[in-house]
Amino acid sequence: MFGLVDCNNFYVSCERVFQPRYEGRPVVVLSNNDGNIISRSAEAKALGLRMGDPYFQVKPLLQQHNVTVFSSNYALYGDMSRRVMWYLGQSAPGVEIYSIDEAFLDLAGMEKHLGSLDAFARKIRAGVKARTGIPTCVGVAPTKTLAKLANRIAKKNPDLGGVLYLDNAARRAWALGQVAVGDVWGIGRQYAQKLTAAGIDTAADLARVSDTWARKHLGGVVGARLVQELQGRPCAGLHPSEDGTLARQSISCSRTFGRPLAAFADVQAAVASFLSRAAEKLRRQNDTAHVLTVYLSKNRFATNVLPPFSRSATLTLPSGPTADTTVLLSYARAMLSRLWEPGTLYHKAGVVLDGLEPPGTGQQLSLFEKPASIPNKREEKSLKVDRPGLMASLDALNQRFGRGTVRVASTVLPPAPGGRPVPAPWEGKAQWRSPAYTTRLEDLLIVR
DNA sequence: TCTGGGGTCCTAGGACCC
DNA sequence: TCTGGGGTCCTAGGACCC
């Protein structure tokens with residue numbers, strides 16, 4: 001059996017923990033750059049606000065109904081998530097952190113122990129609420145896909161008390177009939193359209209299609225597994241998250257710029273800044289990366305811009321895997337020059353680190369590179385700097401004194417005439433950001 | 001004026017290898 | 001006239017997730 005614990009309206013709920021006056025009132029949280037709605041309270045959903053709505057489009061509606069708006073505060077959400085996950089880790093034998101606000105629980109064999117998984121799920125739910133203030137729903141079922149489905153039904157039907165346990169075939173059949181095919185985990189817009197056109201409208205209909213049909217029309221083996229899981233046959237196990245954190249197979253950092261950029265120097269500094277951040281995440285997870293991708297995007301909403309809206313370059317690092325910001329930067333600069341089209345307005349850039357492995361596993365010297373033990377004169381000079389040590393010091397300083405305290409020079413634009421530092425033009429808006437209550441001493445909540 | 005960011009898995013085609 | 005088969009790696013892109 002699997003449990004799926006999913007936080008309700010997670011970002012909104014995080015804000016409400018520290019500002020309880022927003023309970024019972026419409027609240028939304030916006031994406032980076034205050035661009036789109038990414039979290040909505042139940043009251044905001046009832047007003048017809050949808051996930052992903054651009055802020056500027058729904059602004060009148062928000063004002064009309066006096067909806068409270070927050071910019072996203074990832075320092076807060078990340079820390080609240082850590083607390084929720086820590087508690088889950090204490091409560092279940094195996095936990096797989098699936099996203100910032102969701103985790104699968106391994107409940108194999110626990111029925112015998114506990115008698116009722118329903119009561120257990122309710123206990124977990126109450127425990128998360130008591131310890132963090134975050135409301136959740138819990139679905140329990142024999143496969144991950146069915147646990148997701150059960151969770152969804154629990155969310156939609158408050159009378160269930162936030163928990164649904166699909167313990168027998170009759171309940172499962174009932175549950176499958178409750179859910180539209182487009183709301184099944186793994187069925188997105190494209191597939192939903194295709195399925196309804198073929199007369200498959202509910203999860204129950206989808207559970208009845210043949211393996212061959214699923215393979216042919218739902219992305220091959222992925223679709224076949226999905227159907228099996230709906231039928232109650234598990235195709236995916238639980239991958240426990242070590243020490244309460246999620247190790248990733250790729251790390252990326254990208255941003256839509258605060259305003260469109262046309263100058264190479266600006267975009268280059270932006271890319272350097274994103275890559276520095278990605279490399280920092282990489283080192284925090286104690287990995288090195290062997291593959292680097294850089295991409296540039298134009299404005300995909302502009303009527304005068306033709307696709308492709310994005311160009312990317314991917315490079316397997318000839319010098320082997322690294323976690324050194326300066327090494328990664330030297331490659332990124334060259335890749336950016338290759339992608340650059342003069343006279344273009346760029347809206348967004350990003351970097352991706354792939355081929356992650358722990359340091360020291362697969363060092364590969366390039367054909368033209370001498371091993372570090374016999375350096376030439378120039379290398380001798382650069383080798384005086386202990387790079388891993390340099391990176392560790394950089395991270396330690398930024399950890400202690402705040403992100404960005406010490407930076408690689410290429411992420412900083414030359415000062416304006418008069419010597420004043422230039423604000424980074426790629427940084428976006430965040431007009432309504434709440435304090436980092438739990439991660440910055442100055443932001444600590446004061447209770448009178 | 002204004003439209004997010006960070007992930008996963010899978011497939012397909014070309015280059016290259018034996 | 002006639003031109004293999006099986007494999008890997010790389011790159012790009014599609015579909016999906018939260």
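Treat the numbers as computed from the prediction; the structure is a model and nothing was measured. Lettering of chains follows the sequences in order, A, B, ..., and the numbering in each one begins at 1.
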A.B. asks: Does OP1 or OP2 of B:dG5 have a side-chain N or O of A:Thr256 closer than 4.0 Å?
C.D. replies: yes
A.B. asks: Let me spell it out: for each of A:Tyr295 and A:Lys429, pick the nucleotide of DNA chain B with the closest heavy atom. Which residue's pick is nearer the 5' end?
C.D. replies: A:Lys429
A.B. asks: Any stems for DNA chain B, made of 3 or more Watson-Crick or G-U pairs in a row, each with both distances under 3.5 Å?
C.D. replies: B:5-18 with C:5-18
A.B. asks: Checking ring pair (Phe, Tyr, Trp, His ring centres under 6.0 Å) against A:Phe70, which of A:Tyr22, A:Tyr77, A:Trp432, A:Phe18 comes through?
C.D. replies: A:Tyr22
A.B. asks: Can you tell me how far C1' of C:dA15 sits from CD1 of A:Ile187, to the nearest Å?
C.D. replies: 10 Å
A.B. asks: Return the value, rounded to whole Å, for the distance between atom NZ of A:Lys348 and atom P of B:dC2.
C.D. replies: 16 Å
A.B. asks: Between the protein and nucleotides 9-12 of chain B, are there any N/O to N/O pairs under 3.5 Å, and if so, what are the atom names and distances?
C.D. replies:
residue : atom : partner  : partner atom : Å
B:dC9   : OP2  : A:Gln249 : OE1          : 3.3
B:dC9   : OP2  : A:Gln249 : NE2          : 3.4
B:dC10  : OP1  : A:Arg225 : NH1          : 2.9
B:dC10  : OP1  : A:Arg225 : NH2          : 3.2

A.B. asks: If the C1' atom of C:dC18 is compared with that of B:dC2, how far apart are they to the nearest Å?
C.D. replies: 24 Å
A.B. asks: Taking the nucleotide of DNA chain B with the nearest heavy atom to each, does A:Ile38 or A:Ser252 sit closer to the 5' end?
C.D. replies: A:Ile38
A.B. asks: Rounded to the Å, how far apart are A:Ile100 CD1 and B:dG4 C1'?
C.D. replies: 14 Å
A.B. asks: Look at all strands and tell whether A:Tyr55 reaches a base, only sugar-phosphate, or nothing, counting heavy atoms closer than 4.0 Å.
C.D. replies: nothing
A.B. asks: Under a 4.0 Å N-O cut-off, is there an ion pair linking A:Lys155 with A:Glu102?
C.D. replies: no
A.B. asks: Take the protein atom CG of A:Asp101 and the nucleotide atom C1' of B:dG7, then report the distance between them rounded to whole Å.
C.D. replies: 14 Å
